There are 2 protein chains.
Amino acid sequence: MARVSADVRRDLLVEAAIRVMVRDGVARTTTRAIVAEADMALGAFHYCFRSKAELLESVIEEIQAHTVDLALAAFEEGGTLEDRLLRGIRIYWQHVLENPDEHRVTYELGQFALRNPELADVARKQYELYIASITQIMETLSAATGLGWTEPLPVLARYLISVIDGLTLIYLNEGDAESTLAALELAARHVAGLAA
Amino acid sequence: MARVSADVRRDLLVEAAIRVMVRDGVARTTTRAIVAEADMALGAFHYCFRSKAELLESVIEEIQAHTVDLALAAFEEGGTLEDRLLRGIRIYWQHVLENPDEHRVTYELGQFALRNPELADVARKQYELYIASITQIMETLSAATGLGWTEPLPVLARYLISVIDGLTLIYLNEGDAESTLAALELAARHVAGLAA
DNA sequence: GTCTATAGGAAGATAGAC
DNA sequence: GTCTATCTTCCTATAGAC
C-alpha cells in the first residue's frame, strides 16, 4: 500500500477488525486476519497499535459510539410515552433482525474484554455508558410527556436494558423472532405503565 | 496416575475443565490446562476424548443438567403464585451472587459453542432446554394455583428468561447488585400479575 | 491404559533492510 | 513509513515406548 499516514491506517484497521469480527467472530479475529482484511502487511499492525489490546480498545469505543447514536435516534419523534417506547423498541428490533452478527459481536467483545486485564475497565465503562444512555432516554421521555416514573430510574434503566439484552441473546441463540418481539413489546408496555 | 478406567477419567476431566473455565475463562481453558488441573499427563486427554470439542460437549451437558436441576428446585414449595415466583428468583439471585464466575462461564460457553460448527447444535439445544424448563415451571405454577396466563406461554417464558439472563449479564459486567435485584423483582411481580 | 516426546501449525510481536 | 522474514510461545493432536 502506498504511503498512508498511520492515523488513517489506524481507522482502516479498526474498520477491518469489525468486519472480521462480524463475519468470523471475536476469537478468530487475529492480527493476521485483520491486516489481510485491510489489505496491509502484517508489520503494519504494530506501528499503528502498540498491541492487539490497544486495537480492541479502539474497536470497542467505535462500536459504543455507533450503538449509542442508534439508540438515541430510535427514541426521537413524538407521540405518547408508550408510542415512543414501542417505536424505539421496534427500530432496535429491526436492526437486530437485519444485523444479527453485529449484535453477537457486542456480547462477544464484552466477555472477551472482561477476561482481559488490559480491557476490563473498558468493558465496565461500556455498560455504564449504556445504562447512562437509557437513563437519559427515559428522562427525556418522561419530561416530554410530563409524567414521572413510579420506580427508581436506576432500576428501570437496568430492567429495560436487561430485557433488550436478554431477548436479543435468546433470539441470537434460538431464533424465534415472533415470540421474542412479542416479549419485547410486553416489557415495553409494562415500562410505559410505570409512568404516572 | 495409577490405572483408572477411561470412563472415570472422562468425568475427572470434565470436572477439571469446569474448574478451569470458572477460574480462568473458556478461552484460556486449553487441553494442557485441563490435564494439569486434573493432574494427568497430556497424552491422557486423547484416549478419553476424540477431540477438545467432544469434551466441551460433555461440559455443556453437565452444566445444563446442573442448572436445570437448580432452577426446578428453586420453584418448589407452596404459597401464592407471586410468592413462589419471588422465592425462586431470590434463590437464583443468591446463587449468582455467590458464584458469579460460574454464570459467566455459561454465557461464554454458549457463544463459543455457537461459533464452532461442531458445537452449534449443542448450543441451540441448550437454549431450547432452558425455555422448555421455564415453560414447565410456569405451567406448574399456574396449575398449582388454579390460574391461567393472560399471555402465550412461549412469550412469557422467553420474557422471564431474558430478564434473568439480561440482569445477570448486567450484574456481571457492572456490579450493582441492589438495583439489579430490584429490577428482577419488578419483573417477577409483573409476571405474577399476568396470571388470572 | 499410561506416559514422554514431538509433530505441525498458528498466534502476537519484533528486527532490520529498504 | 513500509515491508519480509523470523523469534518465541503456545496450541491441538499423535507416535510410540512401556
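Throughout, a chain's letter reflects where its sequence line sits, starting with A, and its residues are numbered from 1. Keep in mind that what you see is a predicted model, and the values were worked out from it rather than measured. Reckoned from all heavy atoms, side chains included, excluding hydrogens, waters and symmetry mates.
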Does E128(B) CD have over 12 foreign heavy atoms under 6.0 Å away?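 Enclosed: over 12 neighbouring heavy atoms sit under 6.0 Å from CD of E128(B).
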Measure all distances between protein nitrogen or oxygen atoms and nitrogen or oxygen atoms of nucleotides 8-15 of chain C, and list the pairs falling under 3.5 Å.
residue, atom, partner, partner atom, Å
dG12(C), OP1, K52(A), NZ, 2.8
dG12(C), OP2, T31(A), N, 2.9
dG12(C), OP2, T31(A), OG1, 2.7
dG12(C), N7, R32(A), NH1, 2.8
dG12(C), O6, R32(A), NH2, 3.3
dA13(C), OP2, H46(A), NE2, 3.1
dA13(C), OP2, K52(A), N, 3.0
dA13(C), O5', H46(A), NE2, 3.4

Distance check needed: [N] [atom2] versus [X] [atom1], whole Å only.
X: L13(A); N: dT2(D); atom1: CG; atom2: C1'; value: 13 Å
X: F49(B); N: dT2(C); atom1: CZ; atom2: P; value: 14 Å
X: R3(A); N: dC3(D); atom1: CZ; atom2: C1'; value: 11 Å
X: Y47(A); N: dG16(C); atom1: OH; atom2: P; value: 18 Å

Does [X] have any ring-ring contact (aromatic ring centres under 6.0 Å, His included) partners at least two apart in sequence or in another chain, and if so, which?
X: Y107(B); result: none
X: Y171(A); result: W93(A)
X: H190(B); result: H190(A), Y159(B)

Please name all residues satisfying salt bridge (charged side-chain N to carboxylate O under 4.0 Å, His left out) with R90(B), sequence neighbours left out, ordered by chain then number.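 With sequence neighbours excluded, R90(B) shows a salt bridge (charged side-chain N to carboxylate O under 4.0 Å, His left out) to E185(B), given in chain and number order.
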In residues 104-112 of chain B, which ones come under 4.0 Å of DNA chain C, going by heavy atoms?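 Going residue by residue through residues 104-112 of chain B, none turns out to have a heavy atom under 4.0 Å of DNA chain C.
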So, D165(A) and T168(A): side-chain donor and acceptor under 3.5 Å apart, yes or no?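 The answer is no; no qualifying pair exists.
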In terms of side-chain heavy atoms, does Y130(B) have a donor or acceptor partner in N173(A) at a distance below 3.5 Å?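 No, no side-chain donor-acceptor pair sits under 3.5 Å.
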Hey, are the side chains of R19(A) and I34(A) touching, using non-hydrogen atoms and a 4.5 Å cut-off?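 Side chain of R19(A) against side chain of I34(A), heavy atoms only: no contact under 4.5 Å found.
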Could you check A41(B) against A6(B) and say which one's nearest nucleotide on DNA chain C is further toward the 5' end?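 This one resolves to A6(B).
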